[in-house]
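Everything below concerns the one structure shown next.
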Amino acid sequence: MRFTLREVEAAARERLDPVHYDYFAGGAGDEVTLRANEAAFERLALLPHVLRGTAKPELGVTLLGGRASMPVLIAPTAFHRLADPEGERATARAAAAAETIMMVSMASTVAVGDVAAAAPGARLWFQLFIQPDMAFTEALVRRAEAAGCGALVVTADSPVFGTRGRDERNGFRDLPDGLCCENMRDGDRVREIAFSPAVSWEHLDRLREITSLPVVLKGVLHPADARAALDHGVSALFVSNHGGRQLDTAPAAVDALPEIVDAVGGAVPVLLDGGVRRGTDVLKALALGADAVAVGRPVVWGLAADGERGARRVLGLLRAEVEEALTLCGLASVRDLEPGMVRRPW
Ligand SMILES: Cc1cc2nc3c(=O)[nH]c(=O)nc-3n(C[C@H](O)[C@H](O)[C@H](O)COP(=O)(O)O)c2cc1C
Ligand SMILES: CCCCCCCCCCC(=O)C(=O)O
């Protein structure tokens, strides 16, 4: 039995090909941001209330018209079949069992329609790197719609693919034979994902014209971009530095959160990912104004350690930790968290 996410990661590391472990674990540059994501949560202190007489706390949240049983979602991560033969199918079943939302990566190794078919009842959102070929972007959107996805998560932090030293040193450039980015099929070929600096706010506007799905903008760290995103009609903002895999030395996600929350002023939900490893991290992010958080690597570790069961275990651990931390803070609901409960000790 594994009792913490750290133990799940250790188990995953034992089972994974070391090159694939490095791909999942690694970050860009000197991995400053990668480390900062977790360290920033550790530096924050939670200030609990006492003697409130609260019952079992309420964890559920409503996001973009859909409900999640807890404020912990699954962030989009690529290549789940490197971790488990069932890949994204297993992750989606774990998400369905936990009644939470899974963001399916555009770089999934199972096509989004097959992910949906494998996990009836799963709440899926589709993550999209807008392709400069808007006709192909539109084809991707139609696949996500046909699969029943409830939102598009547009990743805006990747005008180029960040340089990850571990992958360079390991020579990891391609998926092994038999695996590919299944969503990228186009007739009898599989396209490469284009990371293009030409993608702009105009592309986002065009995207909103071709779909009625809500758009979540992922990778926002600058408050001015948060305000621009509202002007461009996004339905939610997703504070993220891509798990420290894009711009190294970008701020830790939780450090960037308060300014984004301030800029958004409650107009749309705010999500956050990066470094969430404990239930107390979830409480800190929610207290600072996030409506929910997402986890990337922890779910991959669960999958690699024990397939669907491992992914369920990770979500179960986080749920139990959130519940316990809320009780210890004297709160009846995740909605009761407020900024005054987070302190920066010195
Ligand atoms: C192995 C891996 C693959 C990822 N693939 C994607 C992706 O396809 N699309 C995307 O928007 N973000 C991707 N991300 C970033 C995650 O969505 C998320 O922002 C990050 O993992 C959160 O940090 P955490 O791993 O500390 O929870 C990936 C991250 C990892 C670790
Ligand atoms: C290192 C192998 C090349 C991968 C090209 C496709 C990557 C898909 C995007 C995954 C991602 O966002 C990530 O952080 O990794």
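Note that ligands are numbered from 1 as they come in the structure, with each ligand's atoms numbered from 1 the same way. Note that this is a predicted model, so its numbers are computed, not measured.
The N/O atoms of Arg173, backbone and side chain alike, include none that comes under 3.5 Å of an N/O atom in ligand 2. Below 3.5 Å of separation, one finds an N or O of Tyr23 facing an N or O of ligand 2.
If you check the side chains of Thr4 and Glu7, you find a donor sitting under 3.5 Å from an acceptor. Using modelled atom types and a 3.5 Å distance limit, the side chains of Thr163 and Glu168 yield no donor-acceptor pair.
Of all atoms in ligand 1, numbered sequentially from 1 with element shown, those under 4.0 Å from a heavy atom of Gly275 are 24 (P), 26 (O). Distances below 4.0 Å separate heavy atoms of Ser240 from the following atoms of ligand 1: 19 (O). In summary, the atoms of ligand 1 found under 4.0 Å from a heavy atom of Gly274, numbered by their order in the structure, are 22 (C), 23 (O), 26 (O). With ligand atoms numbered from 1 in the order given, ligand 2 contributes 10 (C) to contacts under 4.0 Å with heavy atoms of Ala78. If you number the atoms of ligand 1 from 1 as listed, the ones under 4.0 Å from a heavy atom of Lys218 come out as 10 (C), 11 (O), 12 (N), 15 (C), 16 (C), 17 (O), 18 (C), 19 (O).
From the protein, the heavy atom lying nearest to atom 13 (C) of ligand 2 is Arg164 NH1, 3.3 Å. The protein heavy-atom contact nearest to atom 6 (C) of ligand 2 is Phe79 CZ, 4.0 Å. Remark: minimum distance from atom 11 (C) of ligand 2 to any protein heavy atom is reached at His242 NE2, 3.7 Å. Nearest non-hydrogen protein atom to atom 15 (C) of ligand 1 is His242 CD2, 3.5 Å. When only non-hydrogen protein atoms are considered, atom 18 (C) of ligand 1 lies nearest to Asp273 OD2, 3.0 Å. The nearest protein atom to atom 7 (C) of ligand 2, hydrogens excluded, is given as Phe161 CE1, 3.7 Å; this is a heavy-atom distance. In terms of protein heavy atoms, atom 3 (C) of ligand 1 is closest to Ala78 N, 3.4 Å. Looking from atom 8 (C) of ligand 2 to the surrounding protein, the closest heavy atom is Ala107 CB, 3.5 Å. Among protein heavy atoms, the minimum distance from atom 1 (C) of ligand 2 is reached at Phe172 O, 3.6 Å.
Note: Trp301 and Phe24 have perpendicular aromatic rings, judged against thresholds of 30 and 60 degrees for the angle between ring planes. Trp201 and His232 have parallel rings, their planes meeting at less than 30° on a 0 to 90° scale where 60° marks the start of perpendicular. The aromatic rings of Phe195 and Phe161 sit tilted, their planes meeting at an angle between 30° and 60°.
At least one donor-acceptor pair under 3.5 Å links the side chain of Arg164 to the backbone N or O of Gly162. In this structure, Lys284 contributes its side chain and Phe41 its backbone to a donor-acceptor pair below 3.5 Å. Remark: the backbone N or O of Glu138 is not paired with any side-chain donor or acceptor of Gln131 at under 3.5 angstrom. Remark: side-chain polar atoms of Arg15 are paired, donor with acceptor, to backbone N or O of Ala305 under 3.5 angstrom. No donor-acceptor pair under 3.5 Å is formed between the side chain of Ser240 and the backbone N or O of Leu272. Proximity of a side-chain donor or acceptor of Asp336 to a complementary backbone N or O of Ser333 within less than 3.5 Å is detected. Looking at Glu88, its side chain never comes within 3.5 Å of a backbone N or O of Val115 through a donor-acceptor pair.
Hydrophobic clustering, with ILVMFWY side chains joined whenever heavy atoms are under 4.5 angstrom apart, keeps Leu303 apart from Leu318.
Contacts between Met106 and ligand 2 below 4.0 angstrom, taking non-hydrogen atoms only, are absent altogether. Residue contacts with ligand 1 for Gln127 involve side-chain atoms from C-beta outward but no N, CA, C or O (heavy atoms, distance under 4.0 Å). When non-hydrogen atoms are compared, ligand 1 lies under 4.0 Å from the backbone of Pro76 as well as from its side chain. Only side-chain heavy atoms of Phe129 come within less than 4.0 Å of ligand 1; its backbone N, CA, C and O stay farther off. If you look at Met103 next to ligand 1, there are no close heavy atoms at all, none under 4.0 Å. Contact annotation: for Arg277 versus ligand 1, heavy atoms closer than 4.0 Å belong to the side chain alone. At a heavy-atom cutoff of 4.0 Å, ligand 1 is contacted by the side chain of Thr155 but not by its backbone.
Of the charged side-chain nitrogens involved, at least one lies within less than 4.0 Å of a carboxylate oxygen, so that Asp255 and Arg344 count as a salt-bridged pair.
Within a 6.0 Å sphere centred on CZ of Arg309, other residues, nucleotides and ligands contribute 12 heavy atoms or fewer. Within 6.0 Å of the CD atom in Glu209, the count of heavy atoms belonging to other residues, nucleotides or ligands exceeds 12.
Nearest-heavy-atom check against atom 7 (C) of ligand 1 across Gly296, Ser105, Ala25, Gly26 picks out Ser105. When Gln246, Arg245, Glu192, Arg166 are checked for heavy-atom proximity to atom 14 (O) of ligand 2, Arg245 turns out nearest. Considering each of Arg245, Arg297, Met106, the one bringing a non-hydrogen atom nearest atom 30 (C) of ligand 1 is Arg245. Counting heavy atoms only, Thr77 comes closest to atom 4 (C) of ligand 1 of the residues Ile193, Thr77, Val276, Val293.
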